[in-house]
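Excluded from the calculations below are hydrogen atoms, water molecules and symmetry mates; all remaining heavy atoms, backbone and side chain alike, are included.
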Amino acid sequence: MRVLYINNGGGGWADYIQVPEGQTVERFFAERMPAGKPEDYLIRVNRQPVSRDTVLQENDRVTITPVKVEGAA
Amino acid sequence: MNDKQMARMAHQIQQALLQLRKNRYLEFVRQVNLLAGKFQELLRESRKLGISLSRDWLAATEHCCKGIYRQLSDVMFPVGHLQGLLDRRSKETPQVAAVFAEIKALEAEFGEVEFNDEDNCLSVITEPITLEDVYLGPFRIALCLDHLGELHRQTAYFVTALEPHPAATDEAVTHPHISNEAVREGDGGPAIRAALEAGRLCDFFTLIRSILQTYNPDSPYVSLADWYGVPCYDCGYVMDSDSSYYCSFCENSFCEECTVICASCTETVCKSCAGTCEICEQSICPTCTRVRCSQCESICCQSCLEDGLCPDCKEERDNHEEEPEEKEDKKPESSRPAEATAGGRVVGREPGAADSGVALQSDGLGQTPVLPGPVG
């Protein structure tokens, strides 16, 4: 099935990607951000915070935003 | 903000994003025309090159080649700029319903969303922020809708400290990564712009909040270690640690105005600890004030000291060494009694008495010559 994935940790571009049926948010995060810790990110599905065992649905909009972003001077 | 206000707001934002998209295309057209102009110049130069070559004007050909080389480098910048514009172009503008949903999500995330009619800004307020035990207070992140359409040229948001705790050395710096209400986005820059252009308001505001909640010690306006500044021990002026000077004698920090550099060893020392060379009156550190003239014991810097003597004593010693030699040159061949020095002067025979062979006593001891023969 297809979901819209927005990774705000990189360039912040949105992409439609294919994920297996019944995939949970936790599994999705582990696959997309293998080096990341869930507590360092704000994970939302369809603009709402969700629990880790939430199962993704067709055309869901998954947003992963880092809670720590280094600014500059 | 009620739903009606939110809907009106969503419509305004969507219009601003449409304007941004249009402005980007306009900028693209402008840049393409600029590039086309450059190519026209290149073409003209190419024709000249062909004519010069056909007539065997090799010097003119070379001149044309140099011109083309110069123009090629002028073409590079517009090409790169154009590519950047194309890369960043927004392919579609969000619908009003999507923007409305974003404002709703924003409200859920931050608790409250405000709209200021006067400056046409949508804003949220963060929780009070503390970084490495430095309390910075809450911040208002405001997205200015009037500037959203000009996002390709200028920033469209500003961040204001609501309880300012600015750096001691710069009141404009209310956060290590904010100066004059402008955020230096650092790593977050591309994602912030992408979120804004796509109308993903919730992502935009949360990314700004993420920057505010993070301290990058490698690149702050003012480091948190220097947030409260370093006061000068003498005059009280507050400065950052890089601008302060440490006096190793009294072990305090001072500003530039309250320190001097030792003329002998170049160590920085505070004015209270510093001494002065009695000859040139330059400042010297306490260690170097121990160096004195071996004769008169006046404090001397290294540059004034020669052979362990101050310039006065050195001159005096040199005079002593030279004068006997001069006198020696004037002496007749016959041997004379030993001369003595007293009070820095050479004493000996009176010039007139030299030939008479009459010995004189030194100054102050009676100098009347006693001649042989009857008196009176």
Heavy atoms only, distances under 4.5 angstrom: which of G186(B), G188(B), A194(B), S210(B) has the most pairs with chain A? Name it, please.
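Winner by heavy-atom pair count: S210(B).
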Given the options V222(B), D187(B), D203(B), T206(B), which has more heavy-atom pairs under 4.5 Å with chain A than any of the others?
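Highest number of heavy-atom pairs under 4.5 Å: D203(B).
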Do Q83(B) and L86(B) have side chains that approach each other closer than 4.5 Å (heavy atoms only, starting at C-beta)?
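A side-chain contact is absent here, since even the closest heavy-atom pair is not under 4.5 Å.
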Before accepting this row, confirm whether a basic side-chain N of the pair E102(B)/R61(A) lies closer than 4.0 Å to the acidic partner's carboxylate O.
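Yes, this pair counts.
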Pick one of side chain, backbone, both or neither for [X], based on which atoms fall under 4.5 Å of a heavy atom in chain A.
X       : result
A101(B) : both
R209(B) : side chain
Q213(B) : both

How about CZ on R44(A), more than 12 heavy atoms from neighbouring residues, nucleotides or ligands closer than 6.0 Å, or not?
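Yes.
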Establish, yes or no, whether a centroid distance under 6.0 Å links the rings of Y5(A) and Y16(A).
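Centroid distance Y5(A)-Y16(A): not below 6.0 Å, so no.
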I want to know whether H175(B) and F139(B) have ring centres closer than 6.0 Å.
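That pair passes the under 6.0 Å test.
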If you count heavy-atom pairs under 4.5 Å with chain B, which of E70(A), Q48(A), K68(A) comes out on top?
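Highest number of pairs under 4.5 Å: E70(A).
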